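Below is one structure, written out as structure tokens, with a few remarks after it.
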Amino acid sequence: MSAELDAASGTVLATATVAEATVTPVLLTTEGQTGPVTDPSTPAASAPTPHDRRIGRRDLTEWRSRPGQRLEERHRSVARRIGARRALVTTLTVGGGIAVAATAGAAYIYDGVTGRDGIQSLDRPALERAKRLRSPLANGVAATIAHVFGPVAMPALTLGSAAAFAIRDRRASPVTVLLAAGAGSLAMTLLGKDLIKRNRPRRRDAIPPFETSPSFPSGHTLNTTTIIGTLAYLLALRQERTAPQVAIIGGAAGTAATVGLSRVLLGAHWFTDVAVGWVTGAGWLSMIITSHRLYLSTQDDDSVDE
């Protein structure tokens, strides 16, 4: 009898052990349903990068170079003290000051190696070639481009785009970035013209209506490169697929190139005025994008206030 009891006890114990090893723990949820209990030691799958932080496959909040990582660390420390928005404004202000100072320095160097009528070995041949390309159709298109991307339309585009982003996104960062782009490009244009006071091509080489402000740099080109580039960047971030991003950025680059070349075709600027507009505009645009990337890098940090 004792042997039979011992055998029965062993069977029960073995059955309980098997049951304990095979039963999956469950957790009662707030809705009354059950689900498996997740082992906290198991690493969770990394969440996908939000599409509004990517250009192509590149996560804009990742800084791969060591200087970029140090810059991001310093910006984050500033954002923890004053907040993300104020840190963005501070970064844009510092970047704008650097861009304006660089424009002034470049203008003085440029003025030292050129004449009031441009670099004869480059500007005059470019103007002569542009004159050979003129036709009633080409002239009309270039004149239309000058109006569309002129000193009235571009500020209107900047303010209108900023208002649209404010209404759609309910966030201040796109508005701040766009307004900084417009203000910075305007300051760089006015400073360059005031420092150099370079003559435009002669009126007999130009197409009316004639412009009287100094030639260097090309304000149309600089403003288009910066403002259209910034607008394209913000729009590209709102696309989930790479193809629309490529189309938007490519369209912006093509627009800046077309506006610049149209200024030479009209005889409104020397080619080097346009080239400097492209370079300085692209430089300011890169600072704007870097500032916004730094802002995006702080968005997942709980220790940073907005």
Side-chain angles (χ1 to χ4, degrees), residues 99 103 106-107 110 118 122-123 126-127 129-162 177-178 180-193 196 198 200-201 205-236 246-289:
T103 301
Y110 184 82
L122 179 61
D123 285 324
L127 179 59
R129 177 168 295 186
K131 289 167 64 177
R132 292 194 294 268
L133 295 176
R134 290 174 182 171
S135 68
L137 177 59
N139 297 349
V141 171
T144 301
I145 291 174
H147 287 294
V148 172
F149 298 94
V152 175
M154 291 304 291
L157 175 63
T158 302
L159 295 175
S161 300
V177 167
L178 275 168
S185 63
L186 177 61
M188 294 163 67
T189 300
L190 295 177
L191 179 64
K193 290 183 180 295
I196 303 303
R198 184 184 188 187
R200 292 181 184 267
D205 293 325
I207 297 174
F210 304 114
E211 300 185 37
T212 58
S213 63
S215 185
F216 177 92
S218 169
H220 282 71
T221 306
L222 197 160
N223 293 331
T224 300
T225 301
T226 303
I227 296 172
I228 298 298
T230 302
L231 185 58
Y233 164 74
L234 293 174
L235 290 175
V246 172
I248 291 171
I249 295 173
T255 299
T258 301
V259 169
L261 294 177
S262 71
R263 304 302 289 161
V264 180
L265 180 68
L266 290 173
H269 284 284
W270 302 103
F271 177 74
T272 49
D273 300 334
V274 170
V276 171
W278 283 328
V279 172
T280 54
W284 177 220
L285 175 61
S286 67
M287 290 188 180
I288 291 170
I289 293 175

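Keep in mind that this is a model prediction, so the values were computed, not measured.
- G219 approaches T189 most closely through the heavy-atom pair CA-CG2, 3.6 Å.
- With values rounded to the nearest 0.5 angstrom, L178 atom CG is found 6.0 Å from S161 atom OG.
- In this structure, the side chains of R200 and S213 come closer than 4.5 Å at one or more pairs of heavy atoms.
- Here the straight-line distance linking atom CD1 of I196 with atom CG of L191 works out to 9.0 Å at 0.5 Å rounding.
- Atoms CG and CG, on N139 and L266 in that order, are 7.0 Å from each other to the nearest 0.5 Å.
- T230 and A181 get closest at one heavy-atom pair: OG1-CB, 3.5 Å.
- Taking all atoms of both residues into account, the shortest heavy-atom contact from S286 to G283 is OG-O, 2.6 Å.
- Looking at residues two or more places apart in sequence or on another chain, you find a side chain to side chain contact (heavy atoms under 4.5 Å, CB included) between A232 and I248, A252.
- Counting heavy atoms from C-beta outward, H220 and P151 have side chains that approach closer than 4.5 Å.
- With a 4.5 Å cut-off on side-chain heavy atoms, T221 and W278 count as touching.
- Considering D123, L122, V276 in turn, D123 is the only one that fulfils the side-chain contact (heavy atoms from CB on, under 4.5 Å) rule with W270.
- Here the side chains of H269 and P201 are not in contact, with every heavy-atom distance at 4.5 Å or above.
- Heavy-atom minimum distance, P214 versus K193: O-NZ, 2.6 Å.
- Remark: S262 engages no residue in a side chain to side chain donor-acceptor pair (under 3.5 Å) (not counting sequence neighbours).
- Side chain of S185 to backbone of G182: a donor-acceptor contact under 3.5 angstrom is found.
- Taking the side chain as every heavy atom from C-beta outward, F149 and T255 approach each other to under 4.5 Å.
- The nearest pair of heavy atoms linking V264 to A130 is O-CB, 3.7 Å.
- Expressed to the nearest 0.5 Å, how far CG of L231 lies from OG1 of T224 amounts to 11.5 Å.
- Atom CZ of R134 sits in a crowded spot, with more than 12 heavy atoms from other residues, nucleotides or ligands closer than 6.0 Å.
- In terms of heavy atoms, A99 sits closest to W284 at CB-CE3, 4.0 Å.
- Salt-bridge annotation for R198 and D273: present, with a side-chain N of the basic residue lying under 4.0 Å from a carboxylate O of the acidic one.
- Side chains of I228 and M154 form a contact here, defined as non-hydrogen atoms less than 4.5 Å apart.
- The CG atom of L265 sits 11.5 Å away from the OG1 atom of T258 when rounded to the nearest 0.5 Å.
- Distance CD1/I288 to OG1/T226: 6.0 Å, rounded to 0.5 Å.
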